[in-house]
Amino acid sequence: MKRILSGITPSSQKGLHLGNFLGAVKPHIEFQDKGECFYFIANLHALNNVFDPANVRRNTQNIFTEYLAFGIDPEKTTFYIQSDIPQIPYLQTILNNTVTMAELKRMHAYKDKLQNDVAQDTINFGLFSYPVLMAADILLFKPDIIPVGEDQAQHVEIARDIAKTFNARYGEIFKIPDLYIKKETARVPGIYGDRKMSKSLGNDIPIFGTEEEVKKQIMAIKTDPARIHPTDPGNPDKNITFTYFDLLEYDKNKLESMKELYRKGKIGDVEIKTTFFRFFLEYFADFRTKKTVLLKDKDQIHKLRLGGAQKAIKIAEKVLKDVAEAVGIL
Ligand code: TYM
C-alpha cells in the first residue's frame, strides 16, 4: 500500500480557501481510500510570519478542525500537528548539512520575498530554511507520494534532492517520494485572475468565512473587462466565475447555457456571481455546519490531536534512530 503525505501551513486567520480545497484538501480526502495517509498542520512553518502566539494557536486549531470537517478520518489516517512531533525539527537540523545556501536562494518563497523590496539580510532564517523543514516533514515518514498544488512543487523537488544527497553520503535511508499534482486544480486562480489564489494576497474565497465575507470576495471576482454593459457580448474565458463553476463541477448543461447567454450579452455579471454565491454556500454547507459542531467539542479535538501525535511519533522515532545511527551520533 502506498504511503501518502501532505501538510498545510496555518498562516491565515481566515482558514482554508477555495484554492487549498481544490488543490489539496479534496485530493487528500480522496487518497484516504487509496493508501496509507499522513496529513498534518504545519504550525512550525507558520512561525516565520505569524508572530502573535494567540493567532498561531487559533489558526492551528481552526485548520485542524476544518480538515476534520472535510472528512479526514483519524482512524484511517495519521492526522497530526507538526509541532507535536519533536523528531521533525531534530531531523531538520541534520538535513541542514545536505543542502547549500545557493540551492535555498533559488527557492520561490525566498525569491518572492526579495521581490517585495525586502533587503536580503532582513529575511528571517525560518523563511530561508523553510524548505529544509519541509524536507524533514516529508522524509521522516518515508512516503511514496506527496500530493500538493503547483506552488509546492519546487519544495518537493528539493526534498527529493536532499534525500538523494543524504543517501549517497550515508546509505539508503530515505525513500525518494513522487510529487503528485492534479492537473486541473494545480493552480486555482485568485479572484482577480492574475495570480494564484493565496491567503496572503487577499484574492481568496474563504470556505468557512461568514456569508458576508464570502459574498464580498465573490462579488469582487474579475469579469471580462471588454464588457461594459450587461447587454454587451462577453467572453466566458475572461470571467473567472466560470472557471470556479467548472472546478466545482457545477451542472454541465446549466453552465453551458449560462456561458451561451454570456456570449450573447443576455445575462449580467451580478446574476452570474449571485448564482455562484448560492452554489458555493450550498456546496460547502455541510462542511460549514460540521466545523461549527466540531468546534463545540474541544475535548474531542484535543483527544484527536494527542492520538494523531502518538501514531506519528511511533514511526518518526524509528526513522530518526536509523538516521542518527547513519550519521554517527548514536
Ligand atoms: P500551503 O499552506 O500554502 O497550501 C496548502 C496546500 O494547498 C495548495 N494550494 C493551492 N493549490 C492550488 N491552487 C491554489 N491557488 C493553491 N493555494 C494553495 C498548496 O499547494 C498546498 O498543497 N509548505 C506547504 C505546507 C507543507 C507541506 C509539507 C506540504 C509543509 N510541509 C510537506 C507537503 C509536504 C504550504 O505552505 O502549503
Side-chain angles (χ1 to χ4, degrees), residues 3-29 31 37-50 59-60 62-64 66-67 70 78 80-83 85 88-89 91-92 95 107-110 112 126-127 129-160 162-163 177-207 217 240 243-244 247-248 312:
R3 186 174 281 183
I4 294 121
L5 178 141
S6 200
I8 183 154
T9 307
S11 47
S12 163
Q13 295 188 47
K14 289 187 290 176
L16 291 165
H17 58 65
L18 188 61
N20 296 136
F21 174 73
L22 290 166
V25 183
K26 196 160 173 267
H28 294 170
I29 302 293
F31 266 122
C37 295
F38 287 69
Y39 298 131
F40 63 96
I41 311 303
N43 59 345
L44 291 174
H45 283 276
L47 296 183
N48 76 50
N49 62 46
V50 187
N59 298 352
T60 304
N62 197 28
I63 296 218
F64 188 77
E66 290 177 2
Y67 249 79
F70 274 124
T78 305
Y80 52 98
I81 290 178
Q82 184 188 33
S83 61
I85 320 300
I88 294 174
L91 179 61
Q92 181 194 11
L95 296 181
M107 294 289 111
H108 297 315
Y110 174 72
D112 286 353
L127 178 87
S129 66
Y130 180 108
V132 192
L133 180 56
M134 190 157 150
D137 291 334
I138 294 173
L139 301 178
L140 189 58
F141 294 93
K142 299 191 173 181
D144 300 283
I145 303 168
I146 315 295
V148 284
E150 193 182 77
D151 58 334
Q152 296 299 321
Q154 197 190 30
H155 291 149
V156 178
E157 285 302 332
I158 201 171
R160 286 164 52 90
I162 287 175
D178 288 326
L179 172 67
Y180 171 89
I181 297 182
K182 204 168 173 189
K183 222 171 88 217
E184 312 81 61
T185 51
R187 187 186 178 279
V188 176
I191 58 169
Y192 308 121
D194 50 346
R195 306 184 60 182
K196 67 153 192 165
M197 189 175 283
S198 158
K199 46 198 158 203
S200 57
L201 295 173
N203 65 359
D204 61 322
I205 308 182
I207 292 171
Q217 293 301 87
I240 317 290
T243 310
Y244 297 148
L247 293 176
L248 286 173

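Each ligand, and each atom within it, is numbered from 1 in the order the structure gives. Fair warning: this is a prediction, and the values are worked out from it, not measured in the lab. Numbers here simply count residues along the sequence, with the first being 1.
- No heavy atom of Ser198 sits closer than 4.0 Å to any atom of ligand 1.
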Report task. Please lay out, stage by stage, how Gln82 and Leu133 fare under the test side chain to side chain contact (heavy atoms under 4.5 Å, CB included). Result -> CA-CA 10 Å; Gln82 184 188 33; Leu133 180 56; 3.8 Å; yes
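- Near Lys199, the atoms of ligand 1 lying under 4.0 angstrom from a non-hydrogen atom of the residue are 1 (P), 2 (O), 3 (O).
- Protein heavy atom closest to atom 10 (C) of ligand 1, with residue, atom name and distance, is Gly19 O, 3.5 Å.
- Among protein heavy atoms, the minimum distance from atom 19 (C) of ligand 1 is reached at Asp151 OD1, 3.4 Å.
- Shown in contact with Met134 at under 4.0 Å from a heavy atom are these atoms of ligand 1, numbered in order with element: 23 (N), 26 (C), 27 (C), 28 (C), 29 (C), 30 (C), 31 (N), 32 (C), 33 (C).
- The main-chain N or O of Asn43 is never found under 3.5 Å from a side-chain atom of Ser83 such that the two would form a donor-acceptor pair.
- One distance of note links CG of Asn62 with OG of Ser12; it measures 8.5 Å at 0.5 Å rounding.
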Requested in this report: Verify side chain to side chain contact (heavy atoms under 4.5 Å, CB included) between His45 and Asp137, making sure each step is shown before the conclusion.
Outcome: CA-CA 10 Å; His45 283 276; Asp137 291 334; 2.9 Å; yes
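- Atom numbering of ligand 1 starts at 1 in the shown order; those under 4.0 Å from a heavy atom of Ala24 are 6 (C), 7 (O), 22 (O).
- Polar contact check, His155 against ligand 1: no nitrogen or oxygen pair lies under 3.5 Å apart.
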**Report entry** Worked check of side chain to side chain contact (heavy atoms under 4.5 Å, CB included) between His28 and Cys37
**Finding:** CA-CA 8 Å; His28 294 170; Cys37 295; over 6 Å; no
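- Taking any N or O of Glu150, backbone or side chain, none lies under 3.5 Å from an N or O belonging to ligand 1.
- If you check which protein heavy atom lies closest to atom 23 (N) of ligand 1, you get Tyr130 OH, 2.5 Å.
- Atoms of ligand 1 lying under 4.0 Å from any heavy atom of Gly23, numbered from 1 in the order shown and given with element: 11 (N), 12 (C).
- Close contacts of ligand 1 with His45, meaning ligand atoms under 4.0 Å from a residue heavy atom, involve 30 (C), 31 (N).
- Here is the list of ligand 1 atoms found below 4.0 Å of a heavy atom in Ala42: 30 (C).
- Heavy-atom separations between Pro189 and ligand 1 are all 4.0 Å or longer.
- Looking at atom 9 (N) of ligand 1, its nearest protein heavy atom turns out to be Asn20 ND2, 3.9 Å.
- At the shortest separation from atom 17 (N) of ligand 1 among protein heavy atoms lies Met197 O, 3.5 Å.
- When each atom of ligand 1 is checked for a heavy atom of Thr185 under 4.0 Å away, the hits are 12 (C).
- Atom 37 (O) of ligand 1 has Gln152 NE2, 3.6 Å as its closest protein atom, hydrogens excluded (heavy atom only).
- Here's the thing with Gly149: one of its N/O atoms is less than 3.5 angstrom from an N/O atom of ligand 1.
- Just one residue in the list Phe38, Phe40, Tyr39 forms a side chain to side chain contact (heavy atoms under 4.5 Å, CB included) with Thr78, and that residue is Phe38.
- Atom 13 (N) of ligand 1 has its nearest heavy-atom neighbour, among Val188, Val156, Leu16, Ile63, in Val188.
- Minimum heavy-atom separation, Phe141 to Arg3: O-NH1, 2.7 Å.
- For ligand 1, none of its N or O atoms has an N or O atom of Lys196 under 3.5 Å away.
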Requested in this report: I would like to know whether Thr185 and Phe21 meet side chain to side chain contact (heavy atoms under 4.5 Å, CB included); could you show each step before the answer?
Outcome: CA-CA 9 Å; Thr185 51; Phe21 174 73; over 6 Å; no
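- Backbone and side-chain nitrogen or oxygen atoms of Asp137 are examined, and one is located within less than 3.5 angstrom of a nitrogen or oxygen of ligand 1.
- Using a 4.0 angstrom heavy-atom cutoff, His17 counts as in contact with ligand 1.
- Looking at Ile8 next to ligand 1, no N or O pair under 3.5 Å apart turns up.
- Closest approach of Gly19 to Val188, counting heavy atoms only: CA-CB, 3.8 Å.
- For ligand 1, the atoms lying closer than 4.0 Å to a non-hydrogen atom of Phe40 are 28 (C), 31 (N), 32 (C).
- Nearest-residue assignment for atom 36 (O) of ligand 1 (options Thr9, Ile88, Leu22; heavy-atom criterion): Thr9.
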